[in-house]
Amino acid sequence: MSTETTSSGAAAPAPQATGAAAGYRPERTLRLGVELRRQFKRRRTLGVFALMAALPLILIGALQLGGTEEAEGNSRINLVDVASASGLNLTLFTLFATTGFFLVVVFALFFGDTVASEASWGSLRYALATPVPRARLLRQKWLAALVLSVGAMLLLVVVAVVAGGIAFGFGDVQTPIGVALDQGTALLRLAGMVGYLAVHLLVVGTLAFWLSTVTDAPLAAVGGAVFSTVVFAVLEQVEQLGGIRDWFPTAFNYAWTDLLQTPVDSGDLFRGVVQGLVYSAVFTALAFRHFARKDVTS
C-alpha cells in the first residue's frame, strides 16, 4: 500500500476507501446551528421576526382606539368579540386573525426561500462542493426553515400574551359562547393550538420547499405556495364540491378553535393533524427526489 508524504517529508493521512479525504465526516458538514445562524442574519428573517413582535402591539392599539366591533360572520367562533377580555383572549384573536394568510406567508417564505435563493446566488454549488451530501444539505435547510417558522409563530404568541396581559389583564379566557377557561387550562390548550397550527401550516411550508427545489426564483416558490393555498381556500367556499372540500389542504385551517369547547371535539383536530402530516410527507419526499436529480453544479 503506497503512502503519500507532505512537503516536509511526513506521511500524509491516506484517503478513505470511498475516495474521500482522510478525516472527512459527512455528518459533520453544515451543522444545524451553522445553518440557523446563516439564515437568522438575513434581512428577511430579521424583518419577519420584527413584524411578528409588532403585530400584537398593532392589534392592541387598534382595539383600544376603535373598541371591539362585531366581525364578519364565521361558522365557528368569532373571537374578535372578546379580544380585549384578557391577554389570553388577545392571543387567541391574534392567532385567529393570522391563520388564514399571514402565517401562511411566513411558513412559505422560510421554506420557499431557503434553497431557491442560494441557487439563484450560485452559492448552492459551492456548498455541495465542500462537499456536503445533497440529502444532508436539504435536510438541514428543511430543519432550519421549520425552526425559524415555528420560532416566529411562538414569538407572536409570547408577545401577544405578555403585551395583551399588560393591556387587558392576565385574566381567564372568555369564549364568545359564554364558556370561561381558567388560565392553567387555557395555557395548556393554547400550547395545543400552536402545535396544531405548526403541523397544519407545515403543508404550505413543504409545498414551498418542494417548489424551491424546482425553481431558482425564490419569489416563484413562495408565491406559488401562497397562491395555491389561496385557491384552495376559495374553492372551499364552493358548496357544490361537497365532500371533496374535506380533502383540501385548507379544509381544517381553523379546527384549532375546537380546543375552546368544553368538552373538546377532537374529530376535526385529528383529521387536520393526519392530513397535514400526509401532505407534508408527500411534498417533502418530492423535494428530496427532485433535488437528488437536479443539476446545481453547472
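Both backbone and side-chain heavy atoms feed into the values below; hydrogens, waters and symmetry mates do not. Bear in mind the structure is a predicted one, so any value in this text is a computation, not a measurement.
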Is a side-chain donor or acceptor of Ser212 paired with a backbone partner of Ala208 at a separation under 3.5 angstrom?
no
Side chain to side chain contact (heavy atoms under 4.5 Å, CB included), paired with Phe110, selected from Leu146, Leu148, Val105, Val147
Leu148
Which heavy atom in Ser280 sits nearest to a heavy atom in Val199, and how many Å separate them?
OG-O, 4.3 Å
Has Leu235 got more than 12 heavy atoms of other residues, nucleotides or ligands less than 6.0 Å from its CG?
yes
Hey, can you tell me if Phe96 and Tyr254 have their rings parallel, tilted or perpendicular (30° and 60° cut-offs)?
tilted
Distance-minimising heavy-atom pair for Ala225 and Ala108:
CB-CB, 4.2 Å
With a 4.5 Å cut-off on side-chain heavy-atom distances among I, L, V, M, F, W and Y, is there a chain of contacts connecting Leu46 to Met153?
yes
Rounded to the nearest 0.5 Å, how far apart are OG1 of Thr213 and CH2 of Trp142?
14.0 Å
If you count the non-hydrogen atoms of other residues, nucleotides and ligands that lie under 6.0 Å from CZ in Phe101, is the total more than 12?
no
Phe40 ring center within less than 6.0 Å of Phe49 ring center:
yes
Would you check if the side chain of Thr206 reaches a backbone N or O of Val203 as a donor-acceptor pair within less than 3.5 Å?
yes
Identified side-chain hydrogen bond (donor to acceptor under 3.5 Å, both in side chains) counterpart of Gln261 within the set Thr257, Asp265, Asp258
Asp258
Should Val273 and Val150 be regarded as members of a common hydrophobic cluster, given that ILVMFWY residues are connected when their side-chain heavy atoms come within less than 4.5 Å of each other, either directly or indirectly?
yes
With heavy-atom distances below 4.5 Å as the criterion, would you say the side chains of Tyr196 and Leu259 are in contact?
no
Taking all atoms of both residues into account, what is the closest heavy-atom pair of Arg189 and Leu260, and its distance?
NH1-C, 3.9 Å
Would you give the length of the straight line joining atom CG of Leu211 to atom CG of Leu207, rounded to the nearest 0.5 angstrom?
4.5 Å
CG (Leu95) and CG (Leu190) are apart, to the nearest 0.5 Å, by 6.5 Å
Can Asn253 and Thr250 be said to form a side chain to side chain donor-acceptor pair (under 3.5 Å), step by step?
CA-CA 5 Å; Asn253 272 358; Thr250 57; 5.0 Å; no
Within a strict 4.5 Å, meaning less than it, do heavy atoms of the Met52 and Leu103 side chains meet?
yes
Determine the minimum heavy-atom distance between Ala152 and Val106, stating which atoms define it.
CB-CG1, 4.2 Å
Please examine the side chains of Lys141 and Arg38, heavy atoms only from C-beta on, and report whether any two atoms are closer than 4.5 Å.
yes
What is the minimum heavy-atom distance between Val173 and Ala186, and which atoms define it?
CG2-CB, 3.4 Å
Could you state whether Val230 and Leu241 fall into the same hydrophobic cluster, counting links through intermediate Ile, Leu, Val, Met, Phe, Trp or Tyr residues with side-chain heavy atoms under 4.5 angstrom apart?
no
Check: Gly33 main-chain N/O paired with Gln140 side-chain donor or acceptor under 3.5 Å:
no
Residue pair Leu88 / Leu92, side-chain heavy-atom distance below 4.5 Å
no
Would a single hydrophobic cluster contain both Leu269 and Leu188, if residues Ile, Leu, Val, Met, Phe, Trp and Tyr are joined by side-chain heavy-atom contacts under 4.5 Å?
no
Does Leu181 offer a backbone N or O that forms a donor-acceptor pair with the side chain of Thr185 under 3.5 Å?
no
Could you tell me which non-hydrogen atom of Thr99 sits nearest to which non-hydrogen atom of Val104, and how far apart they are?
O-CG2, 3.6 Å
Strictly under 6.0 Å, is that where the ring centroids of Phe283 and Phe209 end up?
no
We want to know whether Thr284 and Trp210 form a side-chain donor-acceptor pair, criterion being a heavy-atom distance below 3.5 angstrom.
no
Which value, rounded to the nearest 0.5 Å, describes the distance between Arg44 atom CZ and Asp113 atom CG?
4.5 Å
What's the verdict on side chain to side chain donor-acceptor pair (under 3.5 Å) for Gln39 and Thr45, showing C-alpha distance, side-chain angles and the deciding distance?
CA-CA 7 Å; Gln39 296 294 333; Thr45 304; 5.1 Å; no
Should Leu219 and Phe111 be regarded as members of a common hydrophobic cluster, given that ILVMFWY residues are connected when their side-chain heavy atoms come within less than 4.5 Å of each other, either directly or indirectly?
no
Quick one: do the Ser86 and Asn89 side chains pair a donor with an acceptor below 3.5 Å?
yes
Measure the shortest side-chain to side-chain distance between Phe168 and Gln64 over non-hydrogen atoms and say whether it is less than 4.5 angstrom.
yes
Under 4.5 Å between any side-chain heavy atoms of Val231 and Phe227, yes or no?
yes
How far does CD of Gln237 sit from CZ of Phe232, to the nearest 0.5 angstrom?
14.0 Å
Does some side-chain heavy atom of Pro249 sit less than 4.5 Å from a side-chain heavy atom of Val204?
no
Check: Arg139 and Phe288 side chains under 4.5 Å, non-hydrogen atoms:
yes
